[in-house]
Number of protein chains: 2
Amino acid sequence: MGSTATTTVPTNAELMEALAAVGAAYFQDFAAAAARHGLSSSQAKALGSVQEPVPMRALAGRLGCDASNVTGIVDRLESLGLAHREAAAGDRRVKIVVITDEGREILNRIRGEMARTHQAFEAMTDEQRVALHSICAQVLPVLAGRTGAAQ
Amino acid sequence: MGSTATTTVPTNAELMEALAAVGAAYFQDFAAAAARHGLSSSQAKALGSVQEPVPMRALAGRLGCDASNVTGIVDRLESLGLAHREAAAGDRRVKIVVITDEGREILNRIRGEMARTHQAFEAMTDEQRVALHSICAQVLPVLAGRTGAAQ
DNA sequence: TATTGTTATACTCTATAACTATA
DNA sequence: TATAGTTATAGAGTATAACAATA
């Protein structure tokens, strides 16, 4: 079914170009919204990655960077009162990053102020929203390299 | 049509999360492929932005960064033999960045070596490919802030 | 006077390596 | 011996400001 349309099936190269353009535009919108609140995109991304408490090491994994970088990023979030470090229960080596109420509020504001992104989403039909979301969900595990492994 | 499915229409927040995850994973695949060829992601992005000759200033616009940064990025591409500067015909102030044959070959290799991206694309049905491509095309102008203006 | 490209400067992100305190 | 977090360091990206050449 669906072979009556005159639409051409896009090549991998065309899909790559489209995805790269959308990804870059999304990121710019995100970075601009974060900057309005005095956060770099890395800091804002970190803030969004600690909605549940996360050990420093695991946060590095989520951010896709070396563990040594997380120190400075969390330092800044902590100095701004957006997150704080807590001692872990079982292992005294690990520190757990916990978002504060103010951090959560700033995060929500940043996300709410991504005007272009919201504008783009609201111009989509329900069918398009469902399609985009399900395609992303299907593609993400492969793209992120989680073929069968956990975490 | 399409109201028989039990699928729920995703919220803006859910779409943002999905898009952010896919965009980040795509970017990591791109950066890793570029690094294998000794290029930073900025340099590789610049290389992909000069498939047609582009003035330095316009390249800065495409990369979404200040013009002063482009000098160093193009310096490196030039020292690697992947691009070179040419004088512009009408205006002696402007320099035009032109990709070399070797630059084009490296660019094609980088794109071809984005294994996870190709893997993700090839797991998609033709319908999904068409849907993703058309959604991206529809959403991009809004997301990139080009509501009606040219270039 | 305005614009293009460059340089100088400073700040941030990033990885590597070495250090500490725990395990 | 290995691991979690930190520190020190160096390289690259980024923006701001000032500059030379040209328009």
Side-chain angles (χ1 to χ4, degrees), chain A residues 24 27-50 53-80 82-98 151, chain B residues 24 27-28 30-32 34-50 53-80 82-98 151:
Chain A
F27 181 75
Q28 280 200 336
D29 199 27
F30 174 69
R36 270 177 245 129
H37 290 272
L39 294 182
S40 72
S41 51
S42 287
Q43 292 158 10
K45 188 179 176 189
L47 193 59
S49 301
V50 294
V54 178
M56 297 286 287
R57 207 91 192 173
L59 181 52
R62 293 193 186 195
L63 298 178
C65 70
D66 191 84
S68 60
N69 305 320
V70 181
T71 300
I73 293 173
V74 173
D75 278 353
R76 228 159 271 117
L77 291 181
E78 204 160 23
S79 75
L80 292 171
L82 307 181
H84 61 91
R85 291 168 166 92
E86 285 185 8
D91 192 331
R92 275 192 296 176
R93 290 174 303 177
V94 344
K95 297 176 186 174
I96 297 182
V97 187
V98 181
Q151 183 67 6
Chain B
F27 181 75
Q28 281 200 336
F30 174 70
R36 271 176 244 128
H37 291 272
L39 294 182
S40 72
S41 51
S42 287
Q43 291 159 10
K45 188 180 176 190
L47 193 60
S49 301
V50 294
V54 178
M56 297 285 287
R57 207 88 191 176
L59 181 53
R62 293 193 187 197
L63 298 178
C65 70
D66 190 84
S68 60
N69 305 320
V70 181
T71 300
I73 293 173
V74 173
D75 278 353
R76 226 159 271 117
L77 292 181
E78 203 162 22
S79 75
L80 293 169
L82 307 181
H84 61 90
R85 290 169 167 92
E86 285 185 9
D91 192 331
R92 276 192 295 176
R93 291 174 303 181
V94 343
K95 297 177 186 173
I96 297 183
V97 187
V98 181
Q151 186 63 6

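Below, chains carry the letters A, B, ... as their sequence lines are ordered, and counting in each starts from 1.
Side chains of A:Ile73 and A:Leu59 form no contact here, defined as non-hydrogen atoms less than 4.5 Å apart.
A:Leu59 places its CG atom 15 Å from the C1' atom of D:dT6, with the value rounded to the nearest Å. Rounded to an integer number of Å, the gap from B:Asp66 CG to C:dT7 P is 14 Å. In this structure, A:Gln28 atom CD and D:dT14 atom C1' are separated by 13 Å, rounded to whole Å. When rounded to the nearest whole Å, the span between CG of A:Asp75 and C1' of C:dC11 equals 16 Å. Straight-line distance from the CG atom of A:Leu80 to the P atom of C:dT12: 11 Å, rounded to whole Å. We find that NZ of A:Lys95 is positioned 15 Å from P of C:dT20, with the value rounded to whole Å. Taking atom CZ of B:Phe27 as the reference point, atom C1' of C:dC13 lies 11 Å away to the nearest angstrom. Atom pair A:Arg57:CZ and C:dA23:C1' shows a separation of 14 Å (rounding to whole Å applied).
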Inset, instruction - Evaluate the criterion side chain to side chain contact (heavy atoms under 4.5 Å, CB included) for residue pair A:Arg85 and A:Val94; output intermediate values, then yes/no. - result: CA-CA 10 Å; A:Arg85 291 168 166 92; A:Val94 344; over 6 Å; no
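Residues A:Cys65 and B:Val70 both approach DNA chain C. Their nearest nucleotides, taken by heavy-atom distance, put B:Val70 toward the 5′ side. Nearest-nucleotide mapping onto DNA chain C: of A:Arg92 and A:Leu63, the residue sitting toward the 5' end is A:Leu63. Mapping B:Asp91 and A:Pro55 onto DNA chain D via the closest heavy atom, the residue that lands nearer the 5' end is A:Pro55.
Residue B:Asn69 is classed as a base contact, given a heavy-atom separation below 4.0 Å to a base.
Look at B:Arg93 and you won't find any side-chain N or O under 4.0 angstrom from OP1 or OP2 of D:dA21. Contact check, A:Arg76 against C:dC13: a side-chain N or O comes under 4.0 Å of OP1 or OP2.
Judged by distance alone with a 3.5 Å cut-off, a donor-acceptor contact links the side chain of A:Ser68 to the base of C:dT16.
From A:Asn69, atom CG reaches atom CG of A:Leu63 across 9.0 Å, with rounding to the nearest 0.5 Å. Rounding to the nearest 0.5 Å gives a distance of 9.5 Å between CG of B:Asp66 and OG1 of B:Thr71. Taking OG of A:Ser41 as the reference point, atom CZ of A:Phe27 lies at 3.5 Å (rounded to 0.5 Å). The structure places CG of A:Leu80 at 7.0 Å from CD of A:Gln43, a figure rounded to the nearest 0.5 Å.
Contacts of residues 34-45 of chain B with DNA chain D (heavy atom under 4.0 Å): B:Ser40, B:Ser42, B:Gln43.
Here C:dT14 is the nucleotide among C:dT14, D:dA15, D:dA8 with the atom lying nearest to any side-chain atom of A:Ile73.
For the pair A:Arg62 (side chain) and A:Ser49 (backbone), a donor-acceptor distance under 3.5 Å is present.
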